[in-house]
Chemist: 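Okay, handing you the structure first.
In what follows, every chain begins at residue 1, and chains take the letters A, B, ... in the order their sequences are listed. Hydrogens, waters and symmetry mates play no part in the numbers below; they use all other heavy atoms, side chains included.
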There are 2 protein chains.
Amino acid sequence: MHIEIILKHVYVKQVTKRIVKNSLKRIFLYRACLVRLKLMGVEKVFSYTLADETGVTSDQVRKDFSEFNIRGNKRGGYDINDLLDNMEKLFHRNKDNNIVLIGMGNLGLALSKYSKFVQRHMNIVATFDIDPFKHKIRSGIPVYSMNRLKEIIDRFRVKVAILAVPEISAQEVTDELIRQGITGIVNFAPVLLKVPPEVIINNVNLCDELESVIYYVHLQNKDNGLKNLELLYKDMKY
Amino acid sequence: MHIEIILKHVYVKQVTKRIVKNSLKRIFLYRACLVRLKLMGVEKVFSYTLADETGVTSDQVRKDFSEFNIRGNKRGGYDINDLLDNMEKLFHRNKDNNIVLIGMGNLGLALSKYSKFVQRHMNIVATFDIDPFKHKIRSGIPVYSMNRLKEIIDRFRVKVAILAVPEISAQEVTDELIRQGITGIVNFAPVLLKVPPEVIINNVNLCDELESVIYYVHLQNKDNGLKNLELLYKDMKY
DNA sequence: CTTTATATGTGAAACTTCTCACATAAATGC
DNA sequence: GCATTTATGTGAGAAGTTTCACATATAAAG
C-alpha cells in the first residue's frame, strides 16, 4: 500500500476554486480608472477611453460590460456616474458590509488600520486574537478573544472574515469561523485551506506575489528573455 | 473636440499586462502542498495526490509540469525533493534576491517585518520613506530618505521593489524607481501605474480582494445564487 | 427634419487553455 | 526474466476566452 492512498483518506477533498474570473477582475480595473477620471472632472467615457487607460482592448471592455449587463448609449458612450452606480450595485456597496478580522499580528494590525476598507463601505466591526495582551482597542477597533466570535458574528450579521493568523493555526481558525456562520474568507496565511464547497476563499499570498515578479524579472534579464517574456505577456494583467 | 481626445494625448499608453499566467500560479499552489507534505514526511507524490490536494485535475498537474519542463518517473511518480528543487530553480531561489520597500506606513511596516520573505530568500535590504521621523531602524531594517535610493539600489544590485506608499505619490515614486534601475514592482497602492513595457508590475489591491469575496457571498445568498455560482466557479482558484 | 458620423452590442471566427485518452515507461509480482 | 499493473507525458479534441466585424442606435450637423 502506497502512502498516497493513506493521504487520500486523511484529507477532505480540497475545494479551492478560482473565485474571481478575469472579466470581474477587469471590472475592478475599469472602476479604478473611472474613479480617477471622475476626480478629474470627466463625465463621459467611451470603451476605447477605458481601453487605453487599462491596456485592455475596447472590444473587451464592451464585452465585459455586456456580460454584467452594464449598458451605455450608442454613439454617446458611457456616463461615468451611471457606470460607477452599476458597479456599486454589482459589489453590493449600497449597503454596508460588516467584516471581522482574525489575527492582530503585524499584518492584521496594518489591515485593521487600512482606511480604504471603510471608504468602500467595508467595516471591520471587530478583530480577534488569542493573545490576551492584544485585547485592547488598537486602531479604534476592539480586539476580542476568540470566544466572543459567535456573539459578534451574530450581532453584526457578519458573513466575511479576513484571516491574518500564523499558518499553523489558519485551518483551525477557519473551521471555527465556518461553524459560526462565516461564508467568505480573505486568507493571508500561506496555506491552502480546506473548506466546504459553499465557502468562498480568496487567497492572498504575499510571498507568491513577490516571487512571481522576481521570476519575470529574471526571465527578462536572460539573452533571449524578451521574446519569451512577450509570449508570457500576451495577456493583460487584470 | 471631445474630452477623450485630449485624454489620449495626456496619458502615456497604459501597459498593465497579466504577469502571472495561470499555469505559473498553479506551480505556486503545488509548491505550497509539497512543502506541507514534505513536513509530514512524505517523499513521493503522484499527479493525482497533488490534484486532490489542490483541487486541480491530475491531467492539469502533469501538463503544467510538462510546460515548465519538470519531469517525473513513469509509474514511479514524482520525488518531492526533486520537484521542490526544480521549482526553486524556476523562481531563482538558489541565489538571494535583494528587494527594497518604499513607504513605511502601517502596511509597509508590516511587510518589512514579514518573516516569510527571508525564509524564501527574498531580503528587504532597505526601506524608504519621505517622512524623516520614520528614518530609524524599525523591525531591524534601516529606513532611509528617498535620496539614498540610487546608492542602495546600486550597492545591492536591487531589481525589485515593493511599493506601499499612498496612492497620491505612487506614480511619482514609481517613475523614480524605474529611473534608478528597478524593473519589477509589487504595487500595493490602489492605482494603475504607468510604466514602460519592459517593467513588470504586479498589483495587489486589498480592497478588491475583499470586495470580490463579498460579491460572491452575496451571489450565494440569492435564491438561484448557487447555480450562478457554480457557473462562475467552474474554474480553479490558483 | 434628414443625413452623416460614430460608438455600442453581439454573433462568428480565431485563439488559448483545459480535458481526454492512450502510447510509453518503469516498478511490482509471479 | 516475463507479464502485469499503473503512472507519466503528450497529441487531439473540447471548452472557454478574446478578437473581429458589422448591424444598430443615436448624437450632431446641415
Chemist: Expressed as a whole number of angstroms, how long is the span from A/N73:CG to D/dA25:C1'?
Modeler: 8 Å
Chemist: Just the rounded figure in Å: distance from P of C/dT19 to CG of B/N22.
Modeler: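 Going from B/N22 (CG) to C/dT19 (P), I get 11 Å.
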Chemist: Decide yes or no for A/F68 and A/I27: does some side-chain heavy atom of the first lie under 4.5 Å from some side-chain heavy atom of the second?
Modeler: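 They are in contact (side-chain heavy atoms under 4.5 Å apart), so the answer is yes.
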Chemist: Please tell me if A/Y78 has a side-chain N or O lying less than 4.0 Å from either OP1 or OP2 of C/dG9.
Modeler: yes
Chemist: Could you pick out which residue, A/S47 or B/K63, lies toward the 5' side of DNA chain C when each is mapped onto its nearest nucleotide?
Modeler: A/S47
Chemist: Roughly how many Å is it from CZ in B/F68 to C1' in C/dT17, rounded to a whole number?
Modeler: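 Checked: the CZ to C1' distance equals 13 Å.
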Chemist: Between C/dA27 atom P and B/D79 atom CG, what is the distance in whole Å?
Modeler: 12 Å
Chemist: Nearest heavy atom decides the nucleotide; on that basis, is A/G76 or B/R62 closer to the 5' end of DNA chain D?
Modeler: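 In this pair, the answer is B/R62.
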Chemist: Could you tell me the separation between the CG atom of B/D82 and the C1' atom of D/dT8, rounded to a whole number of Å?
Modeler: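 My rounded result for the distance is 15 Å.
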Chemist: If you assign each of B/K74 and A/D64 to its closest nucleotide in DNA chain D, which residue comes earlier from the 5' end?
Modeler: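 Taking each residue's closest nucleotide, the earlier one in sequence belongs to B/K74.
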Chemist: Indicate, yes or no, whether a donor-acceptor pair under 3.5 Å links the base of C/dA26 to the side chain of B/R75.
Modeler: no
Chemist: At less than 4.0 Å, is any side-chain N or O atom of A/S66 found next to OP1 or OP2 of C/dG9? Yes or no.
Modeler: no
Chemist: Report yes if some heavy atom in the side chain of A/I182 is under 4.5 Å from a heavy atom in the side chain of A/Q180; otherwise report no.
Modeler: no
Chemist: Less than 4.5 Å apart, any side-chain heavy atom of A/L111 and any of B/L206?
Modeler: yes
Chemist: Report the residue from B/Y48, B/F46, B/F65 that forms a ring pair (Phe, Tyr, Trp, His ring centres under 6.0 Å) with B/Y78.
Modeler: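 Exactly one candidate clears the test, B/F65.
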Chemist: Taking the side chain as every heavy atom from C-beta outward, state whether A/L177 and A/I102 have any pair of such atoms under 4.5 Å apart.
Modeler: yes
Chemist: Roughly, in whole Å, what's the span from CZ in B/F46 to P in D/dT6?
Modeler: 11 Å
Chemist: Ignoring backbone atoms, test whether A/Q60 places a side-chain nitrogen or oxygen under 4.0 Å from the OP1 or OP2 oxygen of D/dT19.
Modeler: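 True: A/Q60 side-chain N/O within range (under 4.0 Å) of D/dT19 OP1/OP2.
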Chemist: What is the separation between atom NZ on A/K25 and atom C1' on D/dT17, rounded to the nearest whole Å?
Modeler: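 From A/K25 NZ to D/dT17 C1': 15 Å.
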Chemist: Whole-Å distance between D/dT8 C1' and B/Y30 OH?
Modeler: 14 Å
Chemist: Compare side-chain N and O positions of B/R71 against OP1 and OP2 of D/dT10 and report whether any pair is under 4.0 Å apart.
Modeler: yes
